[in-house]
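This one's a predicted model, so the numbers in the text were calculated from it and none came from an experiment. Residue numbers begin at 1 in each chain, while the letters A, B, ... track the order of the sequences.
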There are 2 protein chains.
Amino acid sequence: MPTSLPTSEAAPRGRRGTRASGDDRERAILTTAERLLEERPLSEISVEDLARGAGISRPTFYFYFPSKDAVLLTLVDRMVEAGTASREEALAKLAKEPRAGWRMALQASFDAFGSRRAVILAAAELRTTNAEARELWARVMEGWVTDVTVVIESERARGVAPAGQPARDLAIALLQMNERAQYATFAAESPALAEDRILDVLVDVWVRAIYGSAPAA
Amino acid sequence: MPTSLPTSEAAPRGRRGTRASGDDRERAILTTAERLLEERPLSEISVEDLARGAGISRPTFYFYFPSKDAVLLTLVDRMVEAGTASREEALAKLAKEPRAGWRMALQASFDAFGSRRAVILAAAELRTTNAEARELWARVMEGWVTDVTVVIESERARGVAPAGQPARDLAIALLQMNERAQYATFAAESPALAEDRILDVLVDVWVRAIYGSAPAA
DNA sequence: CATCCTATCAACACTGTGTCGAGAAGTTCA
DNA sequence: TGAACTTCTCGACACAGTGTTGATAGGATG
(Lines give C-alpha, C1' and ligand atoms only; values in the text may rest on other atoms or scores of the structure.)
Protein backbone atom coordinates (compact mmCIF):
# COMPACT_ATOMS: atom_id res chain seq x y z
CA MET A 1 0.00 0.00 0.00
CA PRO A 2 2.25 2.78 -1.27
CA THR A 3 2.42 6.02 0.60
CA SER A 4 1.67 9.24 -1.22
CA LEU A 5 4.03 12.12 -0.75
CA PRO A 6 2.81 15.07 1.25
CA THR A 7 1.73 16.95 -1.83
CA SER A 8 2.95 20.49 -2.04
CA GLU A 9 0.27 21.38 -4.57
CA ALA A 10 -1.14 24.12 -2.41
CA ALA A 11 1.97 26.28 -2.05
CA PRO A 12 3.14 27.46 -5.47
CA ARG A 13 6.81 28.24 -5.60
CA GLY A 14 6.48 31.46 -7.59
CA ARG A 15 4.28 34.39 -6.56
CA ARG A 16 1.07 35.19 -8.36
CA GLY A 17 -1.89 33.48 -6.84
CA THR A 18 -4.27 35.51 -9.01
CA ARG A 19 -4.59 35.38 -12.74
CA ALA A 20 -2.64 37.60 -15.12
CA SER A 21 -0.87 37.52 -18.47
CA GLY A 22 2.32 37.18 -16.52
CA ASP A 23 1.61 33.46 -16.35
CA ASP A 24 3.33 33.31 -19.69
CA ARG A 25 6.41 34.91 -18.20
CA GLU A 26 6.48 32.46 -15.36
CA ARG A 27 6.31 29.60 -17.80
CA ALA A 28 8.94 31.23 -19.98
CA ILE A 29 11.31 31.35 -17.04
CA LEU A 30 10.76 27.69 -16.29
CA THR A 31 11.30 26.55 -19.85
CA THR A 32 14.35 28.77 -20.16
CA ALA A 33 15.77 27.16 -17.05
CA GLU A 34 15.15 23.70 -18.41
CA ARG A 35 16.72 24.60 -21.71
CA LEU A 36 19.82 26.17 -20.20
CA LEU A 37 20.30 23.26 -17.82
CA GLU A 38 20.75 21.04 -20.82
CA GLU A 39 23.76 23.12 -21.79
CA ARG A 40 25.47 23.84 -18.50
CA PRO A 41 25.22 23.23 -14.75
CA LEU A 42 23.07 25.29 -12.44
CA SER A 43 26.06 27.04 -10.93
CA GLU A 44 26.89 28.49 -14.33
CA ILE A 45 23.44 29.89 -14.93
CA SER A 46 22.72 33.33 -13.51
CA VAL A 47 19.46 35.05 -12.78
CA GLU A 48 20.42 37.38 -15.60
CA ASP A 49 20.54 34.40 -17.99
CA LEU A 50 17.10 33.23 -16.93
CA ALA A 51 15.65 36.71 -17.21
CA ARG A 52 17.16 37.36 -20.62
CA GLY A 53 15.99 33.97 -21.82
CA ALA A 54 12.46 34.80 -20.76
CA GLY A 55 12.64 38.24 -22.34
CA ILE A 56 12.53 40.26 -19.14
CA SER A 57 14.97 42.24 -17.02
CA ARG A 58 16.65 40.86 -13.95
CA PRO A 59 14.56 42.79 -11.42
CA THR A 60 11.43 41.61 -13.18
CA PHE A 61 12.57 38.04 -12.69
CA TYR A 62 12.27 38.62 -8.96
CA PHE A 63 8.65 39.49 -9.40
CA TYR A 64 8.01 35.90 -10.48
CA PHE A 65 10.46 33.93 -8.39
CA PRO A 66 12.26 34.78 -5.19
CA SER A 67 15.51 33.25 -6.43
CA LYS A 68 17.17 31.05 -8.99
CA ASP A 69 16.84 28.14 -6.60
CA ALA A 70 13.08 28.53 -6.42
CA VAL A 71 12.84 28.04 -10.17
CA LEU A 72 14.63 24.74 -9.94
CA LEU A 73 12.57 23.63 -6.96
CA THR A 74 9.41 24.25 -8.95
CA LEU A 75 10.76 22.13 -11.76
CA VAL A 76 11.67 19.36 -9.35
CA ASP A 77 8.31 19.44 -7.62
CA ARG A 78 6.62 18.68 -10.88
CA MET A 79 8.95 15.88 -11.86
CA VAL A 80 8.71 14.21 -8.50
CA GLU A 81 4.96 13.99 -8.72
CA ALA A 82 5.13 12.16 -12.02
CA GLY A 83 7.88 9.80 -10.93
CA THR A 84 6.15 8.83 -7.72
CA ALA A 85 2.94 7.79 -9.39
CA SER A 86 4.51 5.38 -11.84
CA ARG A 87 6.72 3.76 -9.23
CA GLU A 88 3.84 3.09 -6.89
CA GLU A 89 1.97 1.50 -9.71
CA ALA A 90 4.84 -0.83 -10.52
CA LEU A 91 5.42 -1.71 -6.88
CA ALA A 92 1.80 -2.69 -6.48
CA LYS A 93 1.99 -5.26 -9.26
CA LEU A 94 5.04 -6.89 -7.73
CA ALA A 95 3.29 -9.78 -6.01
CA LYS A 96 3.68 -12.42 -8.74
CA GLU A 97 7.15 -12.41 -10.22
CA PRO A 98 9.67 -10.76 -7.89
CA ARG A 99 12.46 -10.15 -10.36
CA ALA A 100 10.20 -8.77 -13.05
CA GLY A 101 8.28 -6.74 -10.49
CA TRP A 102 11.31 -5.08 -8.99
CA ARG A 103 12.66 -4.50 -12.43
CA MET A 104 9.55 -2.65 -13.43
CA ALA A 105 9.68 -0.56 -10.29
CA LEU A 106 13.28 0.46 -10.84
CA GLN A 107 12.57 1.01 -14.50
CA ALA A 108 9.82 3.43 -13.54
CA SER A 109 12.06 5.70 -11.53
CA PHE A 110 14.84 5.37 -14.04
CA ASP A 111 12.54 6.50 -16.83
CA ALA A 112 10.89 9.25 -14.85
CA PHE A 113 14.22 10.81 -14.04
CA GLY A 114 16.02 9.86 -17.19
CA SER A 115 13.62 11.79 -19.33
CA ARG A 116 14.50 14.99 -17.51
CA ARG A 117 18.04 14.27 -16.54
CA ALA A 118 19.21 17.85 -16.72
CA VAL A 119 16.74 18.70 -14.01
CA ILE A 120 17.65 15.99 -11.51
CA LEU A 121 21.32 16.54 -12.04
CA ALA A 122 20.74 20.18 -11.21
CA ALA A 123 18.61 19.20 -8.24
CA ALA A 124 21.42 17.07 -6.90
CA GLU A 125 23.75 20.01 -7.32
CA LEU A 126 21.35 22.32 -5.55
CA ARG A 127 20.95 19.91 -2.69
CA THR A 128 24.48 20.61 -1.52
CA THR A 129 23.82 24.29 -0.93
CA ASN A 130 20.09 24.65 -0.45
CA ALA A 131 18.27 23.40 2.62
CA GLU A 132 14.87 23.39 0.98
CA ALA A 133 16.18 21.18 -1.81
CA ARG A 134 17.61 18.82 0.77
CA GLU A 135 14.29 18.63 2.55
CA LEU A 136 12.38 18.03 -0.64
CA TRP A 137 14.71 15.23 -1.60
CA ALA A 138 14.57 13.78 1.89
CA ARG A 139 10.78 13.72 1.72
CA VAL A 140 10.89 11.93 -1.63
CA MET A 141 13.41 9.42 -0.38
CA GLU A 142 11.41 8.84 2.77
CA GLY A 143 8.35 8.01 0.67
CA TRP A 144 10.29 5.47 -1.32
CA VAL A 145 11.92 3.95 1.70
CA THR A 146 8.53 3.49 3.30
CA ASP A 147 7.09 1.85 0.21
CA VAL A 148 10.01 -0.49 -0.31
CA THR A 149 10.15 -1.40 3.36
CA VAL A 150 6.53 -2.46 3.29
CA VAL A 151 7.09 -4.61 0.23
CA ILE A 152 10.16 -6.30 1.67
CA GLU A 153 8.31 -7.04 4.87
CA SER A 154 5.41 -8.51 3.02
CA GLU A 155 7.74 -10.68 0.95
CA ARG A 156 9.26 -11.94 4.17
CA ALA A 157 5.82 -12.55 5.65
CA ARG A 158 4.86 -14.48 2.52
CA GLY A 159 7.87 -16.68 3.17
CA VAL A 160 9.41 -15.79 -0.18
CA ALA A 161 12.24 -13.73 1.28
CA PRO A 162 14.38 -14.83 4.21
CA ALA A 163 14.82 -12.79 7.36
CA GLY A 164 17.89 -10.60 7.54
CA GLN A 165 18.77 -7.00 8.25
CA PRO A 166 15.82 -4.81 9.22
CA ALA A 167 13.73 -4.24 6.10
CA ARG A 168 13.97 -0.50 6.43
CA ASP A 169 17.75 -0.53 6.60
CA LEU A 170 17.92 -2.75 3.57
CA ALA A 171 15.55 -0.44 1.73
CA ILE A 172 17.67 2.58 2.58
CA ALA A 173 20.90 1.00 1.40
CA LEU A 174 19.41 -0.23 -1.86
CA LEU A 175 17.70 3.04 -2.66
CA GLN A 176 20.86 4.96 -1.94
CA MET A 177 22.69 2.67 -4.30
CA ASN A 178 20.14 3.41 -6.97
CA GLU A 179 20.29 7.11 -6.40
CA ARG A 180 24.04 7.26 -6.69
CA ALA A 181 24.27 4.82 -9.58
CA GLN A 182 21.63 6.62 -11.58
CA TYR A 183 23.24 9.96 -10.94
CA ALA A 184 26.62 8.68 -12.07
CA THR A 185 25.16 7.16 -15.20
CA PHE A 186 23.12 10.22 -16.10
CA ALA A 187 26.09 12.47 -15.49
CA ALA A 188 28.30 10.13 -17.52
CA GLU A 189 30.82 9.97 -14.71
CA SER A 190 33.90 7.91 -15.21
CA PRO A 191 33.37 4.82 -13.17
CA ALA A 192 29.67 4.39 -13.87
CA LEU A 193 27.36 1.69 -15.12
CA ALA A 194 26.60 1.81 -18.82
CA GLU A 195 23.15 3.08 -19.56
CA ASP A 196 22.06 -0.21 -21.11
CA ARG A 197 23.42 -2.26 -18.22
CA ILE A 198 22.41 -0.30 -15.17
CA LEU A 199 18.96 -1.83 -14.73
CA ASP A 200 20.23 -5.41 -15.00
CA VAL A 201 22.94 -4.78 -12.46
CA LEU A 202 20.82 -2.92 -9.94
CA VAL A 203 17.95 -5.37 -10.14
CA ASP A 204 20.37 -8.21 -9.61
CA VAL A 205 21.73 -6.65 -6.44
CA TRP A 206 18.21 -5.92 -5.19
CA VAL A 207 17.00 -9.43 -5.78
CA ARG A 208 20.04 -11.04 -4.21
CA ALA A 209 19.95 -8.70 -1.24
CA ILE A 210 16.25 -9.25 -0.61
CA TYR A 211 15.68 -12.88 -1.60
CA GLY A 212 19.19 -14.30 -1.48
CA SER A 213 20.05 -17.04 0.96
CA ALA A 214 22.33 -16.28 3.85
CA PRO A 215 25.94 -16.16 2.67
CA ALA A 216 27.89 -19.36 2.32
CA ALA A 217 30.46 -19.89 5.03
CA MET B 1 46.74 -7.37 -6.08
CA PRO B 2 45.49 -3.88 -5.29
CA THR B 3 46.25 -1.06 -7.64
CA SER B 4 47.90 2.06 -6.30
CA LEU B 5 46.43 5.37 -7.28
CA PRO B 6 48.34 7.50 -9.71
CA THR B 7 49.94 9.47 -6.92
CA SER B 8 49.79 13.21 -7.30
CA GLU B 9 52.69 13.65 -4.86
CA ALA B 10 54.76 15.60 -7.32
CA ALA B 11 52.45 18.53 -7.95
CA PRO B 12 51.80 20.43 -4.72
CA ARG B 13 48.49 22.23 -4.71
CA GLY B 14 49.81 25.48 -3.17
CA ARG B 15 52.66 27.55 -4.58
CA ARG B 16 56.00 27.67 -2.87
CA GLY B 17 58.33 25.03 -4.15
CA THR B 18 61.25 26.60 -2.30
CA ARG B 19 61.70 26.95 1.42
CA ALA B 20 60.49 29.86 3.49
CA SER B 21 58.95 30.69 6.83
CA GLY B 22 55.69 31.03 4.98
CA ASP B 23 55.28 27.29 5.35
CA ASP B 24 53.65 28.11 8.64
CA ARG B 25 51.13 30.27 6.89
CA GLU B 26 50.30 27.58 4.43
CA ARG B 27 49.71 25.17 7.26
CA ALA B 28 47.68 27.78 9.12
CA ILE B 29 45.38 28.13 6.12
CA LEU B 30 44.86 24.38 5.94
CA THR B 31 44.09 23.98 9.61
CA THR B 32 41.80 27.01 9.53
CA ALA B 33 39.91 25.42 6.66
CA GLU B 34 39.56 22.17 8.52
CA ARG B 35 38.37 23.95 11.62
CA LEU B 36 35.82 26.11 9.82
CA LEU B 37 34.48 23.12 7.89
CA GLU B 38 33.48 21.58 11.16
CA GLU B 39 31.21 24.54 11.75
CA ARG B 40 29.71 25.25 8.35
CA PRO B 41 29.70 24.05 4.75
CA LEU B 42 32.28 25.06 2.20
CA SER B 43 29.88 27.36 0.38
CA GLU B 44 29.57 29.45 3.53
CA ILE B 45 33.29 29.90 3.99
CA SER B 46 34.92 32.74 2.09
CA VAL B 47 38.53 33.34 1.19
CA GLU B 48 38.32 36.23 3.63
CA ASP B 49 37.43 33.80 6.42
CA LEU B 50 40.36 31.55 5.62
CA ALA B 51 42.76 34.47 5.42
CA ARG B 52 41.58 36.01 8.67
CA GLY B 53 41.75 32.65 10.38
CA ALA B 54 45.36 32.29 9.28
CA GLY B 55 46.19 35.84 10.34
CA ILE B 56 46.80 37.25 6.89
CA SER B 57 44.97 39.51 4.45
CA ARG B 58 42.90 38.20 1.57
CA PRO B 59 45.39 39.06 -1.16
CA THR B 60 48.09 37.31 0.81
CA PHE B 61 45.99 34.17 0.82
CA TYR B 62 46.36 34.12 -2.94
CA PHE B 63 50.08 33.99 -2.53
CA TYR B 64 49.70 30.56 -0.95
CA PHE B 65 46.74 29.07 -2.78
CA PRO B 66 45.19 29.92 -6.11
CA SER B 67 41.67 29.57 -4.72
CA LYS B 68 39.51 28.34 -1.91
CA ASP B 69 38.95 25.12 -3.84
CA ALA B 70 42.67 24.41 -4.00
CA VAL B 71 42.85 24.43 -0.22
CA LEU B 72 40.21 21.78 0.01
CA LEU B 73 41.77 19.71 -2.73
CA THR B 74 45.02 19.68 -0.79
CA LEU B 75 43.17 18.45 2.27
CA VAL B 76 41.47 15.73 0.25
CA ASP B 77 44.68 14.61 -1.43
CA ARG B 78 46.16 13.87 1.96
CA MET B 79 43.16 12.03 3.27
CA VAL B 80 42.85 9.90 0.20
CA GLU B 81 46.38 8.67 0.52
CA ALA B 82 45.77 7.44 4.04
CA GLY B 83 42.43 5.81 3.25
CA THR B 84 43.74 3.96 0.23
CA ALA B 85 46.56 2.28 2.11
CA SER B 86 44.42 0.79 4.83
CA ARG B 87 41.78 -0.47 2.46
CA GLU B 88 44.29 -2.26 0.29
CA GLU B 89 45.69 -3.93 3.34
CA ALA B 90 42.29 -5.19 4.41
CA LEU B 91 41.41 -6.37 0.93
CA ALA B 92 44.59 -8.38 0.73
CA LYS B 93 43.72 -10.38 3.83
CA LEU B 94 40.31 -11.26 2.50
CA ALA B 95 41.11 -14.74 1.23
CA LYS B 96 40.06 -16.76 4.29
CA GLU B 97 36.76 -15.55 5.71
CA PRO B 98 34.76 -13.61 3.13
CA ARG B 99 32.33 -11.88 5.44
CA ALA B 100 34.95 -10.82 7.95
CA GLY B 101 37.32 -9.81 5.18
CA TRP B 102 34.84 -7.59 3.40
CA ARG B 103 33.79 -6.16 6.68
CA MET B 104 37.33 -5.15 7.45
CA ALA B 105 37.73 -3.59 4.05
CA LEU B 106 34.57 -1.52 4.39
CA GLN B 107 35.50 -0.67 7.94
CA ALA B 108 38.81 0.70 6.70
CA SER B 109 37.26 3.21 4.35
CA PHE B 110 34.56 4.04 6.83
CA ASP B 111 37.13 4.86 9.47
CA ALA B 112 39.47 6.71 7.15
CA PHE B 113 36.70 9.04 6.08
CA GLY B 114 34.76 9.08 9.30
CA SER B 115 37.66 10.57 11.18
CA ARG B 116 37.68 13.58 8.90
CA ARG B 117 34.05 13.76 7.94
CA ALA B 118 33.97 17.51 7.59
CA VAL B 119 36.52 17.23 4.84
CA ILE B 120 34.83 14.55 2.74
CA LEU B 121 31.47 16.20 3.12
CA ALA B 122 33.04 19.36 1.78
CA ALA B 123 34.75 17.40 -0.97
CA ALA B 124 31.41 15.99 -2.05
CA GLU B 125 30.03 19.50 -2.12
CA LEU B 126 32.95 20.75 -4.14
CA ARG B 127 32.59 17.93 -6.61
CA THR B 128 29.38 19.42 -7.95
CA THR B 129 31.06 22.64 -9.06
CA ASN B 130 34.73 21.86 -9.49
CA ALA B 131 36.05 19.71 -12.31
CA GLU B 132 39.34 18.98 -10.62
CA ALA B 133 37.51 17.65 -7.57
CA ARG B 134 35.41 15.45 -9.81
CA GLU B 135 38.51 14.06 -11.47
CA LEU B 136 40.23 13.41 -8.18
CA TRP B 137 37.21 11.57 -6.89
CA ALA B 138 36.86 9.65 -10.12
CA ARG B 139 40.46 8.53 -9.86
CA VAL B 140 39.93 7.35 -6.31
CA MET B 141 36.76 5.52 -7.25
CA GLU B 142 38.44 3.94 -10.22
CA GLY B 143 41.18 2.59 -7.98
CA TRP B 144 38.64 1.02 -5.68
CA VAL B 145 36.59 -0.39 -8.48
CA THR B 146 39.67 -2.02 -9.93
CA ASP B 147 40.64 -3.54 -6.61
CA VAL B 148 37.20 -4.85 -5.83
CA THR B 149 36.73 -6.21 -9.34
CA VAL B 150 39.89 -8.24 -9.04
CA VAL B 151 38.82 -9.68 -5.72
CA ILE B 152 35.35 -10.61 -6.96
CA GLU B 153 36.84 -12.29 -9.98
CA SER B 154 39.26 -14.25 -7.88
CA GLU B 155 36.44 -15.35 -5.58
CA ARG B 156 34.57 -16.57 -8.62
CA ALA B 157 37.65 -18.35 -9.93
CA ARG B 158 38.08 -20.00 -6.54
CA GLY B 159 34.56 -21.29 -6.93
CA VAL B 160 33.40 -19.54 -3.78
CA ALA B 161 31.26 -16.98 -5.56
CA PRO B 162 28.82 -17.84 -8.34
CA ALA B 163 28.92 -16.24 -11.76
CA GLY B 164 26.61 -13.31 -12.32
CA GLN B 165 26.76 -9.76 -13.57
CA PRO B 166 30.20 -8.66 -14.76
CA ALA B 167 32.42 -8.29 -11.72
CA ARG B 168 33.26 -4.71 -12.58
CA ASP B 169 29.62 -3.69 -12.82
CA LEU B 170 28.90 -5.30 -9.50
CA ALA B 171 31.87 -3.53 -7.96
CA ILE B 172 30.67 -0.18 -9.28
CA ALA B 173 27.16 -0.60 -7.95
CA LEU B 174 28.29 -1.72 -4.52
CA LEU B 175 30.89 1.00 -4.17
CA GLN B 176 28.40 3.62 -5.23
CA MET B 177 26.04 2.31 -2.58
CA ASN B 178 28.74 2.67 0.02
CA GLU B 179 29.64 6.13 -1.09
CA ARG B 180 26.10 7.39 -0.89
CA ALA B 181 25.25 5.56 2.30
CA GLN B 182 28.33 6.80 4.08
CA TYR B 183 27.73 10.33 2.94
CA ALA B 184 24.14 10.24 4.17
CA THR B 185 25.18 8.82 7.51
CA PHE B 186 28.03 11.29 8.00
CA ALA B 187 25.82 14.17 7.03
CA ALA B 188 23.07 12.88 9.33
CA GLU B 189 20.54 13.03 6.52
CA SER B 190 17.02 12.04 7.25
CA PRO B 191 16.60 8.65 5.68
CA ALA B 192 20.04 7.29 6.50
CA LEU B 193 21.51 4.25 8.15
CA ALA B 194 22.35 4.68 11.81
CA GLU B 195 26.04 5.00 12.44
CA ASP B 196 26.19 1.80 14.46
CA ARG B 197 24.22 -0.16 11.87
CA ILE B 198 25.70 0.96 8.59
CA LEU B 199 28.54 -1.53 8.44
CA ASP B 200 26.32 -4.52 9.20
CA VAL B 201 23.85 -3.52 6.54
CA LEU B 202 26.35 -2.71 3.83
CA VAL B 203 28.43 -5.83 4.44
CA ASP B 204 25.27 -7.90 4.27
CA VAL B 205 24.36 -6.49 0.89
CA TRP B 206 27.90 -6.98 -0.40
CA VAL B 207 28.07 -10.57 0.72
CA ARG B 208 24.67 -11.46 -0.67
CA ALA B 209 25.36 -9.69 -3.93
CA ILE B 210 28.73 -11.35 -4.41
CA TYR B 211 28.27 -14.81 -2.89
CA GLY B 212 24.50 -15.16 -2.88
CA SER B 213 22.80 -17.84 -4.90
CA ALA B 214 20.81 -16.92 -7.97
CA PRO B 215 17.42 -15.56 -6.94
CA ALA B 216 14.58 -17.93 -6.23
CA ALA B 217 11.97 -18.08 -8.97
C1' DC C 1 75.42 48.04 -0.28
C1' DA C 2 73.03 46.69 -4.45
C1' DT C 3 70.12 43.12 -5.88
C1' DC C 4 67.02 39.49 -5.65
C1' DC C 5 63.45 36.75 -3.86
C1' DT C 6 59.79 36.07 -0.41
C1' DA C 7 56.03 37.96 1.54
C1' DT C 8 52.47 41.48 2.37
C1' DC C 9 48.47 44.34 1.53
C1' DA C 10 45.60 48.65 -0.11
C1' DA C 11 43.11 49.58 -3.89
C1' DC C 12 40.90 48.18 -7.91
C1' DA C 13 37.97 45.76 -11.45
C1' DC C 14 34.56 42.58 -12.03
C1' DT C 15 30.56 39.32 -11.45
C1' DG C 16 26.57 38.15 -9.32
C1' DT C 17 22.65 38.79 -5.91
C1' DG C 18 18.75 40.99 -4.16
C1' DT C 19 16.09 45.55 -3.12
C1' DC C 20 13.90 50.14 -3.82
C1' DG C 21 11.24 53.35 -5.83
C1' DA C 22 9.41 55.37 -9.77
C1' DG C 23 6.53 54.58 -13.10
C1' DA C 24 3.73 52.14 -17.35
C1' DA C 25 -0.24 49.52 -18.53
C1' DG C 26 -4.35 47.35 -17.73
C1' DT C 27 -8.99 46.75 -14.93
C1' DT C 28 -12.86 48.24 -12.23
C1' DC C 29 -16.56 50.96 -11.28
C1' DA C 30 -18.85 55.44 -10.47
C1' DT D 1 -14.43 59.59 -18.92
C1' DG D 2 -11.44 59.31 -15.57
C1' DA D 3 -10.03 58.40 -10.66
C1' DA D 4 -8.35 54.42 -7.98
C1' DC D 5 -6.42 50.08 -7.75
C1' DT D 6 -3.64 46.20 -9.04
C1' DT D 7 -0.26 44.11 -11.91
C1' DC D 8 3.90 44.37 -13.95
C1' DT D 9 8.44 46.49 -15.37
C1' DC D 10 13.01 48.17 -14.93
C1' DG D 11 17.00 51.74 -13.89
C1' DA D 12 19.82 52.48 -10.21
C1' DC D 13 21.55 51.11 -6.01
C1' DA D 14 23.82 48.51 -2.11
C1' DC D 15 26.29 44.39 -1.10
C1' DA D 16 29.13 40.35 -0.93
C1' DG D 17 32.47 37.80 -2.92
C1' DT D 18 36.40 36.76 -6.21
C1' DG D 19 40.73 37.46 -8.21
C1' DT D 20 44.48 40.98 -9.85
C1' DT D 21 47.80 44.81 -9.76
C1' DG D 22 51.32 47.45 -8.16
C1' DA D 23 53.82 49.28 -4.60
C1' DT D 24 56.65 48.07 -0.75
C1' DA D 25 58.97 45.96 3.28
C1' DG D 26 62.49 42.89 4.77
C1' DG D 27 65.59 39.26 4.65
C1' DA D 28 69.27 36.62 2.35
C1' DT D 29 73.04 36.65 -1.24
C1' DG D 30 76.92 37.83 -3.53
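- Ring-centre distance between B/Phe113 and B/Tyr183: not below the 6.0 Å cut-off.
- With respect to the salt-bridge test (charged N to carboxylate O, under 4.0 angstrom), the residues A/Arg116 and A/Glu34 qualify.
- A close approach under 4.0 Å does occur between a side-chain nitrogen or oxygen of A/Arg25 and OP1 or OP2 of D/dT9.
- Side-chain contact of A/Ser46 with A/Asp49: a donor-acceptor pair under 3.5 Å is present, judged by distance alone.
- Of the candidate nucleotides C/dT6, D/dC8, C/dT19, C/dT6 has the atom lying nearest to any side-chain atom of B/Phe63.
- Of the residues in residues 46-54 of chain A, A/Ser46, A/Val47 come within less than 4.0 Å of DNA chain C through at least one heavy atom, sorted by number.
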For B/Trp137 and B/Glu179, what are the C-alpha separation, side-chain angles and deciding distance, and is it a side chain to side chain donor-acceptor pair (under 3.5 Å)? CA-CA 11 Å; B/Trp137 192 259; B/Glu179 182 195 317; 3.2 Å; yes
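- For A/Tyr62, counting side-chain heavy atoms from C-beta on, the closest listed nucleotide (D/dT18, C/dG18, C/dA10) is C/dG18.
- Distances from the side chain of B/Ser57 to the nucleotides C/dC9, C/dC12, C/dG18 place C/dC9 closest.
- The side chain of B/Ile56 lies closest to C/dC9, out of D/dC10, D/dT20, C/dC9.
- At C/dA7, none of the side-chain N or O atoms of B/Thr60 fall inside 4.0 Å of OP1 or OP2 (strictly under the cut-off).
- Under 4.0 angstrom from either OP1 or OP2 of D/dT9 there lies at least one side-chain N or O belonging to A/Tyr64.
- In this structure, of D/dG11, C/dA11, D/dT18, it is C/dA11 that holds the atom nearest to the side chain of B/Pro59.
- At whole-Å resolution of the value, CD1 in A/Ile45 and P in C/dT17 are 11 Å apart.
- A salt bridge does not link A/Arg27 with A/Asp23: every distance from a Lys NZ or Arg NE/NH1/NH2 to an Asp or Glu carboxylate oxygen is 4.0 Å or more.
- Using a 4.0 Å cut-off between a side-chain N of Lys or Arg and a carboxylate O of Asp or Glu, A/Arg139 and A/Glu135 do not qualify as a salt bridge.
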